[in-house]
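Scope of the values below: all heavy atoms of this structure, side chains included, with no hydrogens, waters or symmetry mates. Because the structure is predicted, anything quoted here is derived from the model rather than measured. Naming: A, B, ... by sequence-line order, numbering from 1 per chain.
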Number of protein chains: 2
Amino acid sequence: MDTKLLCLGVLSEGERSGYEIKKLFETRFRHFFVAGFGSIYPALAALAGEGYVTARAVPQAGRPDKRVYSVTEAGLDHFRERLLATAPRHKVRSEFCLLMYFAHLLPPERALAHLDTMVARWEEMLAGDLGLSAADEAALTPGQLFDLGFGRAVVGAARAYCLERRAPLAAALLDRPRAAE
Amino acid sequence: MDTKLLCLGVLSEGERSGYEIKKLFETRFRHFFVAGFGSIYPALAALAGEGYVTARAVPQAGRPDKRVYSVTEAGLDHFRERLLATAPRHKVRSEFCLLMYFAHLLPPERALAHLDTMVARWEEMLAGDLGLSAADEAALTPGQLFDLGFGRAVVGAARAYCLERRAPLAAALLDRPRAAE
DNA sequence: AGTAACATGTAACGCGTTACATGATTTG
DNA sequence: CAAATCATGTAACGCGTTACATGTTACT
């Protein structure tokens with residue numbers, strides 16, 4: 001279970017609640033990892049059951065209690081071991097590419113709208129979590145910095161390619177609109 | 001089930017056996033979709049059960065029979081409908097980025113080896129399926145051409161970034177090797 | 001002699017996604 | 001007044017991965 005591993009990893013940087021971990025996933029890891037509450041909460045419960053993390057209830061004014069998790073020594077050891085045993089994979093699953101591949105079966109304006117949607121999403125990412133200032137970057141570990149740059153490079157390339165190819169693609173699709181239904 | 005959808009898609013370009021579809025996935029779709037036999041064969045069986053494809057046994061000399069599938073009219077309609085209902089998502093799941101993020105918990109040479117592994121894999125892709133000649137490209141639909149370029153742009157950017165950042169990363173990791181165990 | 005390629009399938013397991021369930025406070 | 005945010009969890013379903021099962025031909 002990868003979610004368990006990543007939870008352990010972020011907890012190695014400091015104690016956090018499940019909700020906070022989710023937020024962190026949405027910012028720092030957004031460009032290479034996604035997990036919902038339905039994965040995170042059970043993962044934390046399992047880690048606690050295995051003795052890799054401990055939970056502490058933190059009461060809050062007018063809010064439900066937070067369950068704040070901390071990694072144990074056994075947890076840190078386990079995390080390092082698992083890291084050493086992890087193979088470097090990098091997998092992409094893209095419905096966007098699928099849609100583009102079969103663009104000739106779609107109304108042209110639909111295909112172009114999909115393209116614009118993706119460009120907008122990528123620009124959001126670049127302006128948001130991937131767009132930190134130089135000052136913020138000074139506080140990062142070499143690895144975190146590497147990941148940040150990697151995200152920028154890859155997402156930036158996707159965006160640039162789509163913008164560059166939009167006009168030629170539009171022309172080609174409108175040239176022979178084989179399937180406007 | 002996405003595998004079903006993609007199988008239907010490739011069959012819309014012509015009849016093929018499950019084995020051939022797998023080969024096609026490994027070449028044309030490698031950079032944005034992965035599926036094994038364990039997904040493809042059941043997917044084809046399900047599509048046949050729904051009447052979206054028909055199967056035909058092709059005897060072969062000294063080999064087991066091929067089951068060659070063809071898409072039906074209902075199948076083509078269904079495919080177009082499903083395409084129209086598909087949202088453009090683009091998801092990355094990367095153990096490589098995870099490893100880099102926590103590189104400070106790894107022996108530096110291990111982190112760099114992972115990086116080299118990925119560069120080699122990406123170069124293989126660029127030289128292989130993504131590296132067609134201009135003559136081959138003329139035969140592609142606009143969408144196929146777009147995907148090919150997209151793959152080149154994104155994979156190329158990942159490769160270039162890793163090569164560019166290798167030396168600075170190595171220096172930073174060796175500067176304070178916090179966890180050579 | 002051994003490995004890779006050709007060829008099809010089943011079954012179990014793991015894991016993630018989605019929907020459901022609940023409830024207070026803050027912001028627009 | 002509605003929507004978003006904070007906050008935690010369960011359960012079912014879907015789907016993919018992996019391992020198992022079998023057998024021939026061609027190449028090294």
Side-chain angles (χ1 to χ4, degrees), chain A residues 1-8 11 15-27 29-30 32-50 53 55-69 82 86-87 89-95 98, chain B residues 1-8 11 15-27 29-30 32-50 53 55-69 82 86-87 89-95 98:
Chain A
M1 202 197 286
D2 254 340
T3 305
K4 266 169 73 175
L5 194 63
L6 248 194
C7 285
L8 209 46
L11 289 178
E15 56 170 29
R16 282 190 189 87
S17 70
Y19 194 87
E20 289 163 350
I21 290 176
K22 173 87 193 302
K23 293 287 121 184
L24 211 74
F25 282 4
E26 281 170 3
T27 53
F29 303 136
R30 199 180 180 219
F32 70 88
F33 189 84
V34 178
F37 289 124
S39 302
I40 294 169
Y41 286 126
L44 289 170
L47 287 169
E50 290 163 320
V53 301
R56 183 167 58 86
V58 176
Q60 300 203 125
R63 290 257 164 71
D65 285 10
K66 257 199 237 186
R67 284 180 69 78
V68 172
Y69 293 89
R82 286 289 310 273
T86 296
R89 287 192 301 188
H90 185 85
K91 199 184 289 186
V92 178
R93 166 65 65 103
S94 175
E95 274 87 30
L98 164 67
Chain B
M1 201 197 285
D2 254 338
T3 305
K4 267 169 73 175
L5 194 63
L6 248 194
C7 285
L8 209 45
L11 289 177
E15 57 170 27
R16 281 191 189 90
S17 69
Y19 194 88
E20 289 163 351
I21 290 175
K22 172 87 192 304
K23 294 287 121 183
L24 212 74
F25 281 5
E26 280 170 5
T27 53
F29 304 135
R30 200 181 179 217
F32 71 88
F33 189 84
V34 178
F37 289 125
S39 302
I40 295 169
Y41 286 125
L44 290 169
L47 287 169
E50 290 162 321
V53 301
R56 181 168 60 85
V58 175
Q60 299 204 125
R63 289 257 164 71
D65 286 9
K66 257 199 235 186
R67 285 180 68 78
V68 172
Y69 293 88
R82 285 290 310 274
T86 295
R89 286 192 302 187
H90 185 84
K91 198 184 291 186
V92 178
R93 166 66 64 104
S94 175
E95 274 87 30
L98 165 66

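- In the set C/dG9, C/dT17, D/dG16, C/dG9 carries the atom at the smallest distance from any side-chain atom of B/Arg67.
- Rounding to whole angstrom units, CD of residue A/Glu26 and C1' of D/dA4 are separated by 13 Å.
- Nucleotide C/dT17 holds its C1' atom 13 Å from the CZ atom of A/Phe33, rounded to whole Å.
- Between B/Ser17 and A/Asp2, the one whose closest nucleotide on DNA chain C sits nearer the 5' end is B/Ser17.
- In this entry the distance linking OH of A/Tyr69 with P of D/dA7 reads 14 Å, nearest Å.
- A salt bridge does not link B/Glu20 with B/Lys23: every distance from a Lys NZ or Arg NE/NH1/NH2 to an Asp or Glu carboxylate oxygen is 4.0 Å or more.
- Rounding to whole angstrom units, CD1 of residue A/Ile40 and P of C/dT18 are separated by 13 Å.
- A sub-4.0 Å separation between OP1 or OP2 of C/dG16 and a side-chain N or O of A/Thr3 is present.
- Here C/dT10 is the nucleotide among C/dT10, D/dC6, D/dT8 with the atom lying nearest to any side-chain atom of B/Pro42.
- Closest contact between the side chain of A/Tyr19 and the listed nucleotides D/dC6, D/dG16, C/dT8 involves D/dC6.
- Using the six-membered ring where Trp is involved, A/Phe32 and A/Phe29 have ring planes that are perpendicular, over 60° apart on the 30 and 60° scheme.
- Atom CG of B/Leu5 is separated from atom P of D/dG16 by 11 Å (rounded to the nearest Å).
- Here the closest non-hydrogen pair linking B/Leu11 and B/Arg16 is CD2-N, 3.6 Å.
- A/Leu98 is not listed as a side-chain neighbour of B/Phe33, based on a closest heavy-atom distance of 4.5 Å or more.
- In this structure, B/Leu24 places its CG atom 16 Å from C1' of C/dC6, rounding to the nearest Å.
- For D/dT5, neither phosphate oxygen OP1 nor OP2 lies less than 4.0 angstrom from any side-chain nitrogen or oxygen of A/Lys22.
- Residue B/Arg89 has its side chain nearest to C/dT18 when only C/dT18, D/dT17, D/dT8 are considered.
- Set against D/dG16, C/dC6, D/dT18, the side chain of A/Arg93 has D/dG16 as its closest nucleotide.
- Of the candidates D/dC6, D/dG16, D/dT10, the closest approach to any side-chain atom of A/Lys23 belongs to D/dC6.
- Considering all non-hydrogen atoms of both residues, A/Lys22 and A/Gly36 come closest at CE-CA, 4.0 Å.
- For the pair B/Tyr41 OH and C/dT8 C1', the computed distance is 5 Å after rounding to whole Å.
- Counting any heavy atom pair closer than 4.0 Å across all strands shown, A/Lys91 reaches sugar-phosphate atoms only and no base atom.
- Atom CD in B/Glu95 sits about 13 Å away from atom C1' in D/dT17, given to the nearest Å.
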